[in-house]
Every structure is written in structure tokens, then in C-alpha cells.
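Proteins get letters first, then strands, A, B, ... in listed order; numbering begins at 1 in each.
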Amino acid sequence: MRGLAKAEASEYEVEFFREKGFTRKRCRVGGEYFWTLNPDMDTCQDAPCVEYWFDRIPSRDPLRVGEARRLFIGFFERRGHTPIKPRPVVARWREDLYLTIASIVVFQPHVTSGLVPPPANPLVISQPSIRLEDIDNVGLTIGRHLTSFEMAAHHAFNYPDKPVYWKDETVRLAFEFFTKEMGIPGDLIVFKESWWEGGGNAGPSFEVAVGGLELATLVFMQYRVTERGYEPIPLRIVDTGYGVERMSWFTWKTPTAFHAIYPGLLEKFRDILGVEEAGEEVLWAAFRAAGRLDPEDPRSVESYYRRVAEASGLSVGEAREALMREARLYSVLDHTKTIALMLADGVVPSNTGEGYLARLVIRRALRQLLMLGAETRLADLVDLQVEYWSGDFPQLPEHRDYILDAVSLEEERFKETLRRGSKLVRQIIGRKKALDLEDLVLLYDSHGIPPEVAAEEARRLGVSVEVPHNFYSIVAARHQAPEKVRRIGERVELPDHVVKALEGLPETRRLFHEDPYLREFRARVLRVVDGRYVVLDATAFYPKGGGQDYDTGILQGPWGEARVLRVYKVGGVIVHVLDRDVKASPGDEVLGRIDWIRRYRLMRHHTATHILLGAARAVLGDHVWQAGAEKTVEKARLDITHHRPLTRDEVRRIEELANRVVDERRRVSARVLDRNEAEERYGFKIYQGGVPMEARIRIVEVEGWDAEACFGTHLANTGEVGGIKITRVERIQDGVVRLEYVAGTRVAEEARRLSDLVEEASKIVGGRSGEELLARIEGVARELEELRSSLKRYRSLYSELLIEKAREAPRVGGLRLLVFTPPESDRRPLQEVLRTLTSTYEDLVAIAVEPAEGDWATVEIALGSRAAGAVDAGRLAKLLAEALGGRGGGRGSRATLRIPSKAAGAVGEEAAKAIESLTSQQ
RNA sequence: GGGCCGGUAGCUCAGCCUGGAAGAGCGCCCGGCUUGCACCCGGGAGGCCCCGGGUUCAAAUCCCGGCCGGUCCA
């Protein structure tokens, strides 16, 4: 990250530089200051100020990615750093971030804010990270941009009373690593002065660049960004980031980073995708030019192609074509790895959140395959990545089944989208013989059809379409809406002034945690607000929270007895809402008694939820996460992430497994652990219900089955759940399935509800018991069928009769007039009858007067073709309406009107008059 | 979370803009042609036009709300 130097020059003066004889210079291209040992160095050695030339800089033997990682960790371990295991690429411990974009993310916000100590200090880590903001540049820049990469880092956390190391030692370690371990000549290593800001913190930094390639960034986090400016913070953090893939590239000195990262696999992909090698000359020309390439600037991209063309002897068009195909190949390599990493960490592709990011990468990879004309399945390519990285990332082979299934499903959906797309294009072109930018935007934005695909389809239909090079930014611009205010904090269901009045109170002692079976307790009143909001020093009343509903009960004091209606938590303070105002005052001793039946049912549903989540993970896979949950007295509900709708069999297996855990009588225990310890022991799946912002967290563990950070009250043993019945399964949105269920005695109630339902139903169809229901329903269905066909026969019989009647219908003004009242007021079959009549007699005016049921009757008028030529149905309706005191209208051969029921008898007479006058006018 | 597109016969869809009698193709059933199959020809069955409300004499069509699916963007 680059920024204007906000720091004094002195911030960058490091003892080590003085000792070694570094000098501070200014880049003659970009103007930035840098430190070097080399008196002749006049540029900062970073892209885009210089070309890549690190291929001519000596270094140690080529390192594969894994070797570079081990070299780094080994070196820093020998220098007193403790190696830390990397975290998932999905930042489940962060609520403000979907993906792990850097190693420091691992320690935010709890460690960086000072709440929790780091797991070790100093430490070394190599963290797989994902950044999608430059996804469109991947491939084009031959390796400068990757969506997934490993960020190796050494971190030191300097507390005011316990400093570890700061700028001098950091620079010293970096220099030593690059010279001694990487074998890079010291006089070619440049430390460029820079400034870093992110996540509300800031500080000076050095970017370490060699031969055009930035190999590391050394950040010294020492400020907090406030409205007033930069304020020093007590915890100063050394935050470094070394590009593992770049270290590998540096030592291999291949024309692209992909050649260094994927020896073997690159060739395999090339083969499968049918991308013939662009040739050494072209690739090296690209290498030379890529350093100066600004992918955001179309002019820069054009001049990049031109330079490659000049250096390799190709035409600009040939060079562009060759490099674009190479870029697509590299993109597919990059994206398939990212897809594997994201899915392995349990992301479910969907249209929201991190699921959307996964879909984005998958879609983009599929688009590249399409444009390369490759026939291969994306899942097969991802599978090759799973195998390729299995030694480095064991989570990939571990979750292979899920990864491949999810990719295949997305691939099918994409194909479906494309099918729909080509049809839409055909429709548009069929309609207007053209396809303009507006259409392209609509096709992409609303239907997901890539513009290239739409243009291709249009070409096939003989319509030429130009896709603007800035198409995606045109689309993006249309989405720009005014920034929405982010919702703040937890919603509190108490009046504002009550919340305000609670300030300064100590945390309420939670008797419900000390003993979840406690039904009665004594405590003292600490504060009363508005006579009915009572805070005690301790309570057994559970407040609404953690997806569990509050307790109810009674509170007895010197002032008498009051019912507790609701209980809420504000920070650590628990507030009881009473049904009436009481004359309580601080110091009063009270006796509290909770509604035990209610509480016990809530506990059963809560423990059942933990059991069920474990069962869902066991049956469906580790990608299952809780997306939401609610436990009430009546039922519980658990939303889980999953990419497909659940089958009946899966639901049955989840239910059976959950009930087995109930029968096994497993112990359920709760204890408060240090955050680091809890994460170390159970992993991040403890954060199913959200991430508590606390140093110590309460872990509820179902022995050997499930462990989650949880505030709720739980049974001591799974056996007490009594039994679990899933009552409803529903896909509530893309990637999320909702389970509803009941536990314990509620299962019996649920069973009774169902059997009552069966009884009711069988009574309606005439059975005496539920057993007969099925047979009865079959009978009813058969009977319905017979009645339908019989009704149909009668209807056609009725229209035959009317046809007969119309034969003798009186003639008015040269037209036949038939007025009748049908036996049913349903309009649909009537339309059929009218149609039959008017198609039989061309000169017929058919008027159906609805059997009167209320004050108003509907009259339908239909004309045969010749009758319609003589009389307009609309005018006829107007005249009739006028004469009979109704309203109506129509057009051509059809009209409708509503008249007072009383006038129904006069329709025939008035119709004759109206037709007479209409025909005589002509 | 927001924007946009869609929901009509078993399937794929037209009709909606501009309100006025629910359509096509495929599939299905019956018949003809044929040694038989396919093709072809003739006939037929099959619709809560997603749900609820509103406007209107009249709503698949216009308006509002909801549900479902798709899709783009955070």
C-alpha cells in the first residue's frame, strides 16, 4: 500500500542503515525516497519505476514455493521467532472482513487492540491470503497480481512495559534474510520509504525491492487514525509481509511467476486448455515490459503489447493475441487455486457474502475457459490443484469431495445461464435486428451473460456488436448508489432513557451460568428505573441473547410480588422488566423464581441445536456453518450453509445421528477459556454464532461432538434432550438451508398435532380414523375427476341447447338476438359457451345475464363476426347501461356491463331497442 | 443488504408495452398413411396465467404488497 509520506524523515532513520553505510536517495522516476548501499543507484527499484531485471541478479538455487516458505520460517525460528500455524483464508473471526487478505488480519482486532495477547511474541507465520480487487489484472501482469498468495511474516508486538523489537531489528532481520538466505547482493537491495494505513491504524513502512520486484513490506504500526489526525498507540506492532511466490520467482528467474509457482502443472494446464506456448522471445519481451505496465490504463496496456511486438518481431495484433491467451491460461491457474482454498475452508458459493466472492472467482474462471474454447470441466482443473498443493495445504485433499461437488454445481448453473443467454440474444435480435450497449448491460447485469458471449452469439446471427473495452466499469458505474449507513451494534429492545439510566452499574452476576438448573434465588436490588425496570446484583433469569429467548417468572420483595415479563442484557447488566411499577429501592432483598417449564424447554432446544449442528456437519461436511439460529419455547430453528437442497435421506440421517447422540448420554459442559487456548484447541468452528469481542470466551462443549462459543443455558447431559424431531426443512436462500425442529416433551406435542391433523382430515373426507385417510383421499380424488368430466359434458350439452335455441332466436335489425341466463355464474366456462355460439352464427348477438346474487348483475355481450360488423359491442353496452342504470363498456365483438339486479328482466327488451337504433343509424 | 430480470399447458416459451373471448412448438392420447418403425397428415386431451390486495363495466395484461427462481453489485 502506497501513500504520501505522513511521517517525518527521521522516522526512517534506522541505526542499521548508519552502521552499514546506507544512504538516503530520491528516485529519479517516481520521486520517492529510498535507502541503498549502492552509490550509483538512482531509482527505487520498484515497479513501475523500473523494468524487471532481477533475472540478471544472482541469488541462491531456485526455490519452489514450499521451499521458500520453509526457508523463511526456519530462518526466523532460528532468530527467536515462534512459528504459528496459518489460519483459514475465510476470516471467520472478523465481522468486518470476508477474507484473510494479509497475515496481520490473523491478529485483528483482538490482539492489535490489546485485548488479547498474541499466541507468541515475536512470531513467524506464512499465511495463505486472498485478494480479489485486482482479479482482472491477474495473468496480464504475468505474476505481479495473484488472487491467492502466501504472505510470510514476522511480527513483534511491543507493549509499553514489554518491548520486543522495532525498526532497527526488523530491517536488520530482513536484510540478513535476503542476503544470507536468499543470496541476493546487499548493494542491490533497496528500502523504499513509504506509509501504510489500514483498519484504522497507520505507520511508516519500508518496501523492499530488488531488480524491479517488491519482495517485502515492513510496516511499523504506531498510530491510530482519528478525526484529529494520527495519535500514537501504546501497542506498537511490527507488521511485515514477504511474498513467498515472489521469492520463488526471484530465484527461478523465469519469464513469469506462474512458471516458478507451477512447474509441471503449468504445462499440464497448457496442454488441457490447448494454449500453445507463446515462445521464449515473446515471454521474455513481456517480462521486460511488464514492470512498466499499468493494467488500469488502456494506453499503457497498448504500449505494452507494442513493446512486446517490437522486441519479438511479431505484429502488434499477433503479440496481443498471444499474450491474451497466455494471460487466460495464467488466470485459470490462479483462480483454480483460489477456488480450492476458499471451498476447502467451507465457503458455500451463493449470492451473498463470501459465498458471492467464491462464485465470482468460479464464474471468472469459467469465462476464461469459454474464451479459450476449452472443453474441459473446471472441476477437473480444480482437482489438479487439490493434488498439486496437497502437501502444502492438507485441507485441500481433506475436503476434496465437497470442493469438486460445489464447483461442478456452479459449472452446471453457469451453463444454464449461458443457454438462457443465447436464447435471450436470439429474441432481442429477432425483435430489433440489433444488439446495442443497453442490451449488453441488461444481459450481463440482470442475466449474468458475459458481453463477449452475447456478442459472439449475435455475430453468429449476422449482427456485429462492439464490446467496449471498459464494459465492466460502465456496469459498475450504474451500481453506484449513495452510501448506506451501516447498522450499529446490537439492537436493544429497551427504551433509550432506560439504557442510559443503567450506566455505571457493575456486571450482573450470572447465576444461570453458575448453575443452569437453579430455579429460585435471593439477590439485592441495585437500581430501579421507571418503577418496573429492575437490576439486581445477581440473577438466575436468562436474558434474551445468543439466539435463546429470555426467562419469565416472578420477583418478590418487601413491596410484594411482581411478574417478570421480559429480561434483557445491556452490556454485562441484566434488566428485568416487570408487569407493574413497584416501590423497590436499592438494597432491597428479593426472591426470584423462574418459570421452570419454559426455561427447561429453552434449554432442551438449545442443547438440541448444538447436537444437530454437529450432526449436520457429520452428514453433509465441514462446509456446514451456522448461518443463524433461534430457540423458543415452542420450537427451534437452525440455518446452515450448504450448496444443495437437502434430500429426504440426508434429513433422516441428520435426525437419526442427532438422536443417537441424545441416547449416548454425552456430557455437556461449559467453561471459560482464554481466547487463544480455545481457538487452538477447538478451531474457528467455535464461532458459529458470531465472534464475541472478549479476551476470555465461554465454550459449551458436547463431549466429543461439538464445541461452540455460547452464552446460553445448557443441559448437563445430551440424554436430557429426550429426543429431536425435525419438523420442517426449507431452502431459505441460495446456499442456506433452514431446519426447524422440536425437542423433549415438545416432540410428543408435535406428534399429537400431527395425529389431530390426520383425524381432522379423515373426518372431512368421511373416514372414521386416520388409518382410512389414504384410501378415502384416493376415493375423493377419483370422484373429483369423474365430476369434472361430467360437468364438462353438461356444459357442452348446455351450449348445444343454446345453439338450438339461437336457431329460432328473434331477429332485430337483421341480427339474431339471444338473451339467456346461464346456470352458473363462473365466467370462464361462460366464455367458452359464448365463443361456441358466436362462431356458429355469424349474425348472432349473444347476451348472458348472470344469475342475480346481490344488488348487481354482470352482463356479458358477445357478437358473431357479421354482427360485430354491424354493431359495435362497446356502443351496445353503453346504450344498455344507460337504459338500465348500469355501467359498462367494451370493444369490437366483446363487452361487459354491470346492471342493477332488478333490471335483469328488461335486458332482452332494451337490447332489442338498442340494436334497432344502432343498425338503423347506418 | 441493495439494484435489475423473470414466474402463462408436462416441457420451452409467445401474448403484457397499447386492458376487451388463453396461444404456438415439443411431448402425450386417438385415427390415417406404413409389413413394422420413423417421417408425414387429421383429430383430441391438457391452464387457480405464482399468491394477496387495488384500479376498472372488464385484469394474464395497469398499480401496490408478498412468495419463489435467476442475476449483478456491496
Over how many whole Å does the gap from [X] atom [atom1] to [N] atom [atom2] extend?
X	N	atom1	atom2	value
A:E412	B:rU71	CD	P	13 Å
A:H447	B:rG69	NE2	P	18 Å
A:E354	B:rA74	CD	P	15 Å
A:L409	B:rG69	CG	C1'	14 Å
A:D734	B:rG69	CG	P	8 Å
A:R420	B:rU12	CZ	P	11 Å
A:E416	B:rU71	CD	C1'	13 Å

What nucleic acid atoms does [X] come within less than 4.0 Å of, heavy atoms only: base, sugar-phosphate, or nothing?
X	value
A:R419	nothing
A:N351	base
A:T858	nothing
A:R426	nothing
A:Q427	sugar-phosphate
A:G353	base

Identify which nucleotide among [options] has an atom closest to any side-chain atom of [X], counting heavy atoms from C-beta outward.
X	options	result
A:S446	B:rC4, B:rA14, B:rC72	B:rC4
A:D445	B:rA14, B:rG3, B:rG70	B:rG3
A:Y98	B:rA74, B:rC72, B:rG70	B:rA74
A:Y444	B:rC5, B:rC72, B:rU71	B:rC72

Scoring nucleotides 17-27 of chain B by protein non-hydrogen atoms under 4.0 Å (B base, S sugar-phosphate only, - none) yields ---BBBS----
Between A:Y472 and A:R413, the residue closer to the 5' end of RNA chain B by nearest nucleotide is A:R413
Between CG on residue A:N137 and NE2 on residue A:H145, distance to nearest 0.5 Å
5.0 Å
Give, for atom CD1 of A:I101 and atom CD of A:Q108, the distance between the pair rounded to the nearest 0.5 Å.
8.0 Å
Base paired to [N] (Watson-Crick or G-U; both N/O distances under 3.5 angstrom):
N	answer
B:rC4	B:rG70
B:rG46	none
B:rG25	B:rC11
B:rC40	B:rG32
B:rG19	none

For A:W93, the ring pair (Phe, Tyr, Trp, His ring centres under 6.0 Å) test, sequence neighbours excluded, returns A:F684
Hey, can you tell me if A:Y402 and A:H623 have their rings parallel, tilted or perpendicular (30° and 60° cut-offs)?
parallel
With side chain to side chain contact (heavy atoms under 4.5 Å, CB included) as the test, pick out the partner of [X] among [options].
X	options	value
A:V812	A:V845, A:L918, A:L817	A:L817
A:T147	A:L357, A:D334, A:L360	A:D334
A:L802	A:T836, A:L797, A:V833	A:V833

side-chain N/O A:R359 vs B:rC72 OP1/OP2, d < 4.0 Å
no
In short, ring pair (Phe, Tyr, Trp, His ring centres under 6.0 Å) pairs touching residues 407-460 of chain A with sequence neighbours left out are A:Y444-A:F471, A:Y444-A:Y472
